[in-house]
Each structure stands twice: as C-alpha cells, then as structure tokens.
Participant: 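The structure's right below; bear with me while I get my questions together.
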Amino acid sequence: MIQEERIKDLSQKPLKKGRYVLYWMQAAPRVTCNHAYQYAVRMADHLSLPLIACFNLIPGYLEAARPHYRFMTEGLLALSKTLNDQGVRFVIITGSPGAALLALGDDAALVVTDRGYLRFQKRWREQVAHELECPLVQVETDVIVPVTIASPKEEWSAATFRKKITSRLDRFLMPLEQKKPARSSLDMDAGSVKEETIETLVNKVSGDNPGKNRSGQPDPLPWSGGENSAQDILNRFIRENLDRYPTYRNDPETGVLSCMSPYLHFGQISPLFIAQKILETKSPSAGTYLEELIVRRELSINFVHYNPFYDEFSGLPDWAKKTLSDHSGDQREYTYRFSEFESAVTHDPYWNAAQREMVLTGKMHGYMRMYWGKKILEWSETPEEAYRTALALNNRYELDGRDPNGYAGIAWCFGKHDRAWQERPVFGKIRYMNAAGLNRKFDAGRYVARIEALGHS
DNA sequence: ATCGGCTCGCGCAA
DNA sequence: TGCGCGAAGCCGAT
C-alpha cells in the first residue's frame with residue numbers, strides 16, 4: 001500500500017505526451033520495498049508506458065570520498081541487474097546536477113522521485129520540479145512515517161516525539177505490494193543523454209591508486225554496498241544477534257549491532273523492510289531495536305527537516321548554546337586542532353581508538369560515537385570549533401556520514417534532544433561522559449587492542 | 001552493586 | 001500558571 005501522505009506533486013504541471021515514465025532514483029536506489037519505485041511502476045502501467053529509471057551522480061562527491069563512492073557504485077551495479085531483470089532500463093548520468101536529468105525528462109510523461117531531507121536534496125528537487133516541463137512527483141519512502149505526518153514541527157526530545165510517531169505506526173507500518181512493470185524499456189534509447197556505464201564507474205574507483213586514498217582511509221572499506229549485501233547482513237543480525245541486542249548494544253567488543261546505517265544512508269535498504277523483518281521474529285528484543293530504528297532515526301529526520309541550522313552550533317537549543325557560551329572561556333586541560341583529532345594523536349587511547357575505528361572501517365561503534373563527540377567538545381578551544389570539527393570528521397570518514405542521523409548525533413553531544421545536568425567546567429550543563437563510563441560498560445582496553453591490531457593488518 | 005540527585009522545558013490540565 | 005514527566009550518564013553515599 002502506498003499511503004497518499006507519502007506522495008507530493010512538486011510542480012502541479014499537467015502530464016506531458018511522452019515515451020516513458022521516468023523514475024529519478026536518488027535517495028532510494030533499491031528495488032525492494034521502495035514506495036517511489038512502486039508508484040512509478042503503477043503510473044507507467046496506468047499510462048500504458050514503459051518505465052525508465054535513472055540515477056544522477058554528482059561529480060563533486062567523487063573526489064571527496066572515494067570509499068563512499070565505491071560503496072555506492074557497488075550498490076548501483078547490483079541495482080542495474082535487478083532493474084533489468086524487471087524489464088526496466090537503468091541510466092546512470094553524471095555532470096552538473098540537473099542538465100542530463102532534464103534532457104531525460106524531455107521525453108517523459110512524468111517524472112517520479114524519492115525524498116531527501118537535507119538542504120541540497122530539497123533544493124535539487126525544487127529546481128528540477130521548476131525546470132521540467134512534465135510533472136515531478138515525490139514519493140517518501142526512506143521513512144516509516146512521513147516526516148510532516150509524524151509531527152508538524154521540530155520536536156524537543158525523543159520523549160515528545162515517541163508518542164506522536166508510535167501512534168501513527170498503525171497506518172504506515174504496512175506491507176508494500178511489489179509489482180513489476182507490464183512493459184519493458186530495455187531496448188529504448190535515452191535520447192541525447194550522455195550515459196555512464198557501470199564498468200566505467202567501477203574502473204574509475206578501482207583502477208588507479210588502490211589501497212589507500214588521499215585521506216588515509218582504506219579503499220575499499222570492509223563493507224560491500226548493495227541491497228543484497230544489506231539484506232544478508234540484516235538476516236545474519238536477526239539470526240545471531242537480535243536477542244542479545246538489548247544487553248550488548250553498548251559494548252563494541254560484542255559486536256551485536258545490525259550495521260544497517262550505511263545501507264540506510266545510501267537508501268539501499270528500507271526502514272519499513274527492516275521493521276517488518278524484525279517484527280516477524282516476535283523476539284522480545286524487537287522493541288529495543290525498533291526504538292532506535294524508528295523513534296531515534298526518524299527524530300533525526302525531524303531535526304534536519306525542520307531546523308535550517310541542523311549543521312551548525314546555532315541550531316542547538318537556547319539552553320545548550322547559553323551554557324556552552326558561559327563556559328567558552330573555561331580553561332581546557334587539553335586542546336587539539338582539527339588535524340590532531342583527525343590523525344588520532346590525543347593523549348587518550350580510547351578516543352584515538354574510536355577515531356581510528358572510524359577511519360579504518362568507515363563505521364565507529366554507536367556507543368563510542370557519543371564519547372568521541374563529547375571529548376571533541378571538551379578538548380577544543382571553543383564549542384563552535386568543536387562542533388565544526390566533529391561534524392567534518394563524521395562527514396568525511398563515516399560511511400553513514402552526511403546523514404540526518406549524523407547531524408542529530410553530533411548535535412546530541414552538544415545538548416540537542418537531551419536535558420541539562422549538573423554544571424561543570426567547559427561542558428556547562430551539557431551531559432558529560434568520561435573514560436570510567438566506558439569501562440563500566442565494557443572492557444575498553446580490549447577495544448583499544450582490537451583497533452590497534454586492525455591498523456597493523 | 002544500587003540508588004538518588006543533578007536540571008530543563010514541554011505539554012497538558014486548570 | 002503550575003506541575004508531572006522523561007532523559008543513550010556521572011558522582012558520591014550507602
């Protein structure tokens with residue numbers, strides 16, 4: 001079922017006479033459990049037209065984050081095969097955002113797309129909606145509950161948001177029927193559009209300079225992209241670790257996490273699909289996992305959607321900005337600059353291990369992310385600088401960087417979605433964390449040893 | 001080991 | 001306007 005609240009006509013233009021329906025697949029490059037894809041299939045069948053799908057690569061991203069680009073490309077390679085099996089031609093285009101897409105859109109009766117919540121994703125869709133001659137219809141599929149339905153405003157905390165979103169699961173946590181289009185588009189031409197072949201893309205990322213990229217991050221990272229990989233990892237998580245999840249999710253040495261965040265970030269798996277699989281197990285641990293997947297994840301989306309300053313210090317709540325500013329001049333026991341944080345050379349072996357885990361694997365353990373962010377706040381000249389450092393490192397090295405969860409996660413370290421605590425130097429009333437806390441939860445020494453071994457292998 | 005206090009502002013009842 | 005509630009941790013008292 002595709003709830004009408006997921007669907008938004010972005011331009012209110014009349015249908016055009018076209019050769020096909022185009023699904024501009026951007027935030028959700030997957031076939032399984034994709035409301036936007038299913039909407040496009042239905043519209044194509046309804047109009048008796050074939051369906052073509054396209055993905056627009058942004059060149060600027062390429063140089064900045066090679067392992068990320070590779071992960072995405074692996075996903076696209078698999079996706080291309082799956083789409084072809086369904087009789088859908090898949091066109092990959094590059095070049096400045098817009099131009100090639102508009103050319104493809106020239107021959108379309110309508111264009112369907114998925115929804116993103118970050119500034120550039122919104123702007124991009126607005127611009128394309130404006131410039132296309134046919135309608136652009138957006139279908140929201142990377143959330144269980146559409147963002148504006150979950151709440152009409154920026155939420156204060158998980159507590160205020162939880163009631164609202166859970167009350168809407170009845171309607172939105174519903175299976176989506178998977179249909180193939182009736183007509184094939186495999187032998188259609190894409191007009192004047194300059195296409196990238198998958199082979200070219202793979203060569204671009206694997207040909208020159210394998211091993212390490214500019215940032216010192218291994219290439220490839222120990223993850224392979226694509227919806228099949230995502231589903232395999234999910235199945236293994238359910239089989240081996242879901243039951244232990246509530247007890248051990250804060251223990252990086254037990255390794256019980258689902259590791260879905262990179263796949264969710266790139267849209268290679270659907271949160272609805274994950275939630276259904278988890279619920280099917282009837283495991284007593286389902287509730288704890290779904291709290292993270294639904295309440296926390298969609299709270300992050302609520303944050304970036306409603307807060308225009310989601311990536312700056314100024315987006316924090318007033319009490320947090322005030323208390324941090326009050327303590328801006330406090331003496332810091334240690335201070336480091338960006339490059340020192342980046343190369344993991346602080347005095348703290350736990351912090352360094354967390355930073356190295358992120359660089360070496362593309363995914364820092366969730367519990368360490370809190371400690372890591374708190375310490376950047378503690379050891380930077382100013383809270384504003386700390387905020388920039390944490391966000392830049394997160395975006396550069398985490399495979400799930402530049403995700404709503406990343407922005408909300410960093411903001412949380414600085415008080416967002418949290419409460420005030422006993423006032424202390426540097427932090428003010430922001431929640432404090434220290435190394436003793438790590439050792440209360442797990443054997444932090446073993447964690448350090450394991451990460452060091454990773455670096456030498 | 002376990003427990004209460006720390007502290008804020010939302011959201012609802014009056 | 002007032003009050004109950006919740007919140008991914010620390011710290012010190014028991």
Side-chain angles (χ1 to χ4, degrees), chain A residues 150-168 244-261 285 287-303 306-307 315-327 330 333 348 350-351 354 363-378 383 390 394 398 400 403-444 447:
Chain A
S151 168
K153 64 183 180 74
E154 183 180 0
E155 287 294 324
W156 179 255
S157 68
T160 60
F161 186 59
R162 186 174 297 111
K163 291 183 275 208
K164 298 186 185 181
I165 191 160
T166 51
S167 73
R168 291 174 170 96
R244 300 191 294 162
Y245 181 81
T247 314
Y248 291 107
R249 72 200 153 97
N250 286 339
D251 178 354
E253 286 315 280
T254 316
V256 300
L257 302 190
S258 68
C259 300
M260 286 294 100
S261 66
S285 305
T288 309
Y289 184 79
L290 293 178
E291 163 78 12
E292 309 285 333
L293 177 74
I294 305 177
V295 179
R296 290 281 165 182
R297 177 171 181 274
E298 300 198 6
L299 176 63
S300 301
I301 291 168
N302 169 280
F303 172 53
Y306 287 111
N307 190 325
L316 292 173
D318 289 341
W319 73 268
K321 279 187 287 200
K322 179 174 185 308
T323 195
L324 285 171
S325 300
D326 288 347
H327 290 271
D330 291 359
E333 199 178 344
D348 177 359
Y350 303 143
W351 193 93
K363 189 174 173 296
M364 193 192 306
H365 188 277
Y367 187 74
M368 293 307 294
R369 290 189 192 201
M370 297 191 275
Y371 179 77
W372 175 88
K374 292 288 183 187
K375 292 298 160 187
I376 295 176
L377 168 58
E378 187 173 348
N394 188 77
E398 297 279 20
D400 58 8
D403 187 89
N405 270 312
Y407 294 107
I410 301 294
W412 179 86
C413 295
F414 292 73
K416 181 72 194 174
H417 295 152
D418 203 12
R419 49 161 289 193
W421 299 89
Q422 179 130 63
E423 195 163 7
R424 56 181 299 136
V426 185
F427 283 80
K429 294 171 180 172
I430 303 297
R431 181 193 297 258
Y432 174 68
M433 287 178 80
N434 63 14
L438 302 181
N439 277 304
R440 265 197 296 279
K441 302 248 181 201
F442 61 93
D443 186 341
Y447 173 70

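Keep in mind the model is a prediction, meaning the values are calculated, not measured. Chain A is the first sequence line, chain B the second, and so forth, proteins listed ahead of strands; every chain is numbered from 1.
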Participant: Looking at every strand, decide which applies to A:Arg369 at a 4.0 Å heavy-atom threshold: base, sugar-phosphate, or nothing.
Facilitator: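 No contact at all - A:Arg369 keeps every heavy atom at 4.0 Å or more from the nucleic acid.
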Participant: Would you say A:Asn434 and A:Tyr350 are linked by a side-chain donor-acceptor pair, where the criterion is simply a distance under 3.5 Å?
Facilitator: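 Absent: no donor and acceptor within the cut-off.
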Participant: At under 4.0 Å between heavy atoms, what does A:Arg440 touch on the DNA or RNA strands: base, sugar-phosphate, or nothing?
Facilitator: sugar-phosphate
Participant: Nearest to the side chain of A:Arg162, heavy atoms from C-beta on, is which of C:dA8, C:dC10, C:dA7?
Facilitator: C:dA7
Participant: Is there a donor and acceptor pair closer than 3.5 Å between the side chain of A:Arg431 and the base of C:dA7?
Facilitator: no
Participant: Within the structure, does a side-chain N or O atom of A:Asn250 lie under 4.0 Å from either OP1 or OP2 of C:dG9?
Facilitator: no
Participant: Measure across A:Arg431 and A:Trp412 and return the closest heavy-atom pair with its distance rounded to 0.1 Å.
Facilitator: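 Looking at all heavy atoms of both residues, the shortest contact is NE-CZ2, 3.5 Å.
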Participant: Is a donor from one side chain sitting under 3.5 angstrom from an acceptor on the other, for A:His327 and A:Glu423?
Facilitator: yes
Participant: Measure from CZ on A:Arg297 to C1' on C:dA8 and round the result to the nearest Å.
Facilitator: 18 Å
Participant: What closest approach, in Å, do A:Phe414 and A:Ile430 show between heavy atoms, and which atom pair accounts for it?
Facilitator: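 So the minimum-distance heavy-atom pair works out to O-CD1, 3.3 Å.
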Participant: Could you state the CG-P distance from A:Asn405 to C:dA8, rounded to the nearest angstrom?
Facilitator: 15 Å
Participant: Inspect the contact between A:Asp400 and A:Arg369 and indicate whether a charged nitrogen and a carboxylate oxygen are less than 4.0 angstrom apart.
Facilitator: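 Yes, this pair counts.
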Participant: What nucleic acid atoms does A:Lys441 come within less than 4.0 Å of, heavy atoms only: base, sugar-phosphate, or nothing?
Facilitator: sugar-phosphate
Participant: Nearest-Å distance, CE (A:Met368) to P (C:dA8)?
Facilitator: 18 Å
Participant: Quick check for you: to the nearest 0.5 Å, what is the distance between A:Tyr245 atom OH and A:Thr254 atom OG1?
Facilitator: 13.0 Å
Participant: Is a salt bridge present between A:Lys416 and A:Glu154, judged by a nitrogen-to-oxygen distance below 4.0 Å?
Facilitator: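 Salt bridge flag = yes for A:Glu154 with A:Lys416.
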Participant: Just to be sure I understand the rule, does A:Met433 reach a base, reach only the sugar-phosphate, or reach nothing, if contact means heavy atoms closer than 4.0 Å?
Facilitator: sugar-phosphate
Participant: Tell me whether A:Lys374 forms a cation-pi arrangement with A:Trp351, defined as NZ or CZ under 6.0 Å from the six-membered ring centre and within 45 degrees of its axis.
Facilitator: no
Participant: Please state how far atom CE in A:Met370 lies from atom C1' in C:dC10, giving the value in whole angstrom units.
Facilitator: 14 Å
Participant: Just how far, in rounded Å, is C1' of C:dA8 from OH of A:Tyr245?
Facilitator: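 Distance, rounded to whole Å: 10 Å.
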Participant: Specify the separation, in whole Å, of atom CD1 of A:Ile410 and atom C1' of C:dA8.
Facilitator: 15 Å
Participant: Rounded to the nearest 0.5 Å, how far apart are OH of A:Tyr289 and CZ of A:Arg249?
Facilitator: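 Rounded to the nearest 0.5 Å, the OH-CZ separation comes out at 12.0 Å.
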Participant: For the pair made of CG in A:Asn439 and P in C:dC10, what is the distance, rounded to whole Å?
Facilitator: 11 Å
Participant: Just the rounded figure in Å: distance from C1' of C:dC10 to CG of A:Leu438.
Facilitator: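 Between C1' of C:dC10 and CG of A:Leu438: 13 Å.
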Participant: How does DNA chain B look in dot-bracket form if you count Watson-Crick and G-U pairs under 3.5 Å, write [ ] for pairs that cross, and put | where a base pairs with another strand?
Facilitator: ||||||.||||||.
Participant: Quick one, give me the B/S/- string for nucleotides 4-14 of chain B, reading 5' to 3', where B means a protein heavy atom under 4.0 Å from the base and S means that only happens at the primed atoms, P, OP1 or OP2.
Facilitator: --BBSSSS---
Participant: Is there a side-chain contact between A:Lys164 and A:Glu155, using heavy atoms and a 4.5 Å cut-off?
Facilitator: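 Side-chain contact under 4.5 Å: yes.
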Participant: Between C:dA8 and B:dA1, how many Å separate the two P atoms, rounded to a whole number?
Facilitator: 24 Å
